[in-house]
Amino acid sequence: MVVKNLREEQRIIEGIGDVFGALYDDLGFGHILGSRRADAKWNGILKSCVLARLANPASKLRTASMLEQGYDITIPVEQIYRMMDRVAPREDAIKRQVGQT
């Protein structure tokens, strides 16, 4: 068998949520879209998308599919777009927060 003939058939990502999820929370990103009770849903969607895209960078549509297939987390792509609408006006503040960590 020649190494150059090898191809990836499946990728198993273990521990993304454990390692990077804890880091995400430790850095204070768990409330990056606000700390009100109503913001919890959007913060959760953002966290799921960030962690999924760390594991496998993809489009928003593919991320929604991957979350459902690989992690049993169902987030309709429309909600991902609505979450991004909440990120947009906070972009500068988020960049400052990320830069300070």
Side-chain angles (χ1 to χ4, degrees):
M1 175 179 230
V2 178
V3 173
K4 69 178 183 176
N5 293 333
L6 291 178
R7 67 182 173 92
E8 180 178 348
E9 291 185 9
Q10 183 178 4
R11 185 177 297 193
I12 300 173
I13 308 292
E14 297 288 331
I16 290 288
D18 296 334
V19 175
F20 290 107
L23 180 61
Y24 186 94
D25 292 333
D26 288 348
L27 292 173
F29 299 154
H31 300 288
I32 207 157
L33 296 179
S35 57
R36 297 175 308 156
R37 187 175 187 166
D39 299 321
K41 171 184 176 179
W42 304 109
N43 282 310
I45 291 171
L46 177 60
K47 181 178 180 179
S48 293
C49 289
V50 167
L51 297 179
R53 292 176 90 164
L54 279 172
N56 189 9
S59 68
K60 292 167 191 70
L61 181 61
R62 180 69 186 117
T63 297
S65 176
M66 181 179 57
L67 282 167
E68 189 164 356
Q69 293 173 359
Y71 300 96
D72 203 28
I73 298 172
T74 302
I75 302 173
V77 72
E78 295 82 14
Q79 284 190 357
I80 293 174
Y81 286 116
R82 288 178 58 201
M83 176 271 300
M84 293 302 296
D85 289 341
R86 293 174 181 269
V87 168
R90 295 175 172 88
E91 183 178 353
D92 291 336
I94 292 169
K95 286 179 181 179
R96 281 192 300 275
Q97 184 174 350
V98 169
Q100 292 175 359
T101 57

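Quick caveat: nothing in here was measured; it's all calculated off a predicted structure. Note that the numbering runs from 1 along the sequence shown for the chain.
- Among residues at least two apart or in separate chains, there is no side chain to side chain donor-acceptor pair (under 3.5 Å) pair with a member in residues 73-83.
- Q97 approaches L27 most closely through the heavy-atom pair NE2-O, 3.9 Å.
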Check the pair L46 / Y24 against side chain to side chain contact (heavy atoms under 4.5 Å, CB included), numbers first and verdict last. CA-CA 11 Å; L46 177 60; Y24 186 94; 3.5 Å; yes
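- Considering only residues two or more places apart in sequence or on other chains, K4 meets the salt bridge (Lys or Arg N to Asp or Glu O under 4.0 Å) condition with none of them.
- Under the side chain to side chain contact (heavy atoms under 4.5 Å, CB included) criterion, I94 pairs with I32, L33, V87, R90, V98, not counting sequence neighbours.
- Evaluation of the side-chain hydrogen bond (donor to acceptor under 3.5 Å, both in side chains) rule for R62 yields S65 as partners, not counting sequence neighbours.
- K60 has its side chain within reach of M84: a pair of non-hydrogen atoms, C-beta onward, lies under 4.5 Å apart.
- With values rounded to the nearest 0.5 angstrom, R86 atom CZ is found 8.0 Å from K41 atom NZ.
- The side-chain hydrogen bond (donor to acceptor under 3.5 Å, both in side chains) search around S59 returns none, not counting sequence neighbours.
- In terms of hydrophobic clustering, with Ile, Leu, Val, Met, Phe, Trp and Tyr side chains grouped at heavy-atom distances under 4.5 Å, Y71 and V77 are assigned to different clusters.
- Between L51 atom CG and F20 atom CZ the span is 9.0 Å, to the nearest 0.5 Å.
- The line from CD1 of I45 to OG1 of T63 is 13.0 Å long, rounded to the nearest 0.5 Å.
- Residue pairs meeting the salt bridge (Lys or Arg N to Asp or Glu O under 4.0 Å) criterion with at least one partner in residues 20-31, sequence neighbours excluded, are D25-K47.
- For N43 against G34, the heavy-atom pair with the smallest separation is ND2-O, 2.8 Å.
- With sequence neighbours excluded, the residues forming a side-chain hydrogen bond (donor to acceptor under 3.5 Å, both in side chains) with R36 are D39, listed by chain and number.
- For R37, there are no salt bridge (Lys or Arg N to Asp or Glu O under 4.0 Å) partners, not counting sequence neighbours.
- Atom CG of D72 has 12 or fewer neighbouring heavy atoms from other residues, nucleotides or ligands inside a 6.0 Å radius.
- Taking both residues in full, the closest heavy atoms of S35 and H31 are given as CA-ND1, 4.1 Å, listed atom of the first, atom of the second, then distance.
- Contacts of S48 classified as side chain to side chain contact (heavy atoms under 4.5 Å, CB included), with partners at least two apart in sequence or in another chain: L67, I73, I75.
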